[in-house]
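One structure below.
The structure displayed is predicted, hence computed values, not measured ones. In the text below, chain A, chain B and the rest are named by the order of the sequence lines, each starting its count at 1.
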Amino acid sequence: EPEVTQTPSHQVTQMGQEVILRCVPISNHLYFYWYRQILGQKVEFLVSFYNNEISEKSEIFDDQFSVERPDGSNFTLKIRSTKLEDSAMYFCASGTLADTQYFGPGTRLTVL
Amino acid sequence: AQSVTQLDSHVSVSEGTPVLLRCNYSSSYSPSLFWYVQHPNKGLQLLLKYTSAATLVKGINGFEAEFKKSETSFHLTKPSAHMSDAAEYFCVVSAPSGGSYIPTFGRGTSLIVHP
């Protein structure tokens, strides 16, 4: 059964560094999403992406964040200058319908 | 605006006994509702979803949920718990917003299954 995959599973970075989190959505899906889950807190929506552009973004998704679908298979989340509070589990999701999402296993980002 | 309340942070059951995980929601629109399960160090797996068809929704692994509009509830049940059901469960409400669906997650309920 096809799955969403994410790499790396764990990323450790220094504060102020740029990180790129990578996702490979399920191949026939059209909608793509990023979420984050800070330890002990709710899963929070960051951004949705459809037809090669951002369709919705939350207040969390400020100018430090960007998303890209560079080659038709990967979907990336870039954080330009990481802060301590960016430490979280980041989940990618994809779907064929706007309201149903299939999640990847997540990337744990630790900012030191 | 939409919100989700998972009424229990932890539910503890014995193997073979019924499971009830409670979820209440609010939404300005007719929402889609979901339950996801997260096993340790794994991603979120879709258990089931409700999208205005039958109010009793059957999902994977013997789980089902009933949409009750009058009570704004979408509780998750299973007749007989297995050890492998021990995990974190998330109720999610999703309603349209400018052509997209922005989901709101509950805080999660940790299901503990005792032998």
### Side chain, backbone, both or neither of A/Y50 within contact of chain B (heavy atoms, under 4.5 Å)
neither
## Note on the structure
Applying a strict 4.5 Å limit to non-hydrogen atoms, the region of A/Q37 in contact with chain B is side chain
Per-residue contact mode, [X] against chain A (heavy atom under 4.5 angstrom):
X	answer
B/V93	neither
B/L44	both
B/Q38	side chain

### Task
Sequence neighbours left out, what passes salt bridge (charged side-chain N to carboxylate O under 4.0 Å, His left out) with B/K78? Give chain and number order.
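Testing B/K78 for salt bridge (charged side-chain N to carboxylate O under 4.0 Å, His left out), a comparison that skips the adjacent residues, returns B/D85.
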#### Entry: Modelled atom types, side-chain donor and acceptor of B/S26 and B/S3, under 3.5 Å
yes
### Task
Locate the shortest heavy-atom distance separating B/V92 from B/V4; write the atom from each residue and the value.
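So the two residues come closest at C-CG2, 4.4 Å.
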### Query
Are B/L47 and B/L7 joined in one hydrophobic group, where the rule is that I, L, V, M, F, W and Y side chains link up if heavy atoms are under 4.5 Å apart?
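Result: no, two separate clusters.
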### Message
Could you work out, with side-chain contact (heavy atoms from CB on, under 4.5 Å) as the rule, every residue matching A/E85, not counting sequence neighbours?
### Response
A/K83
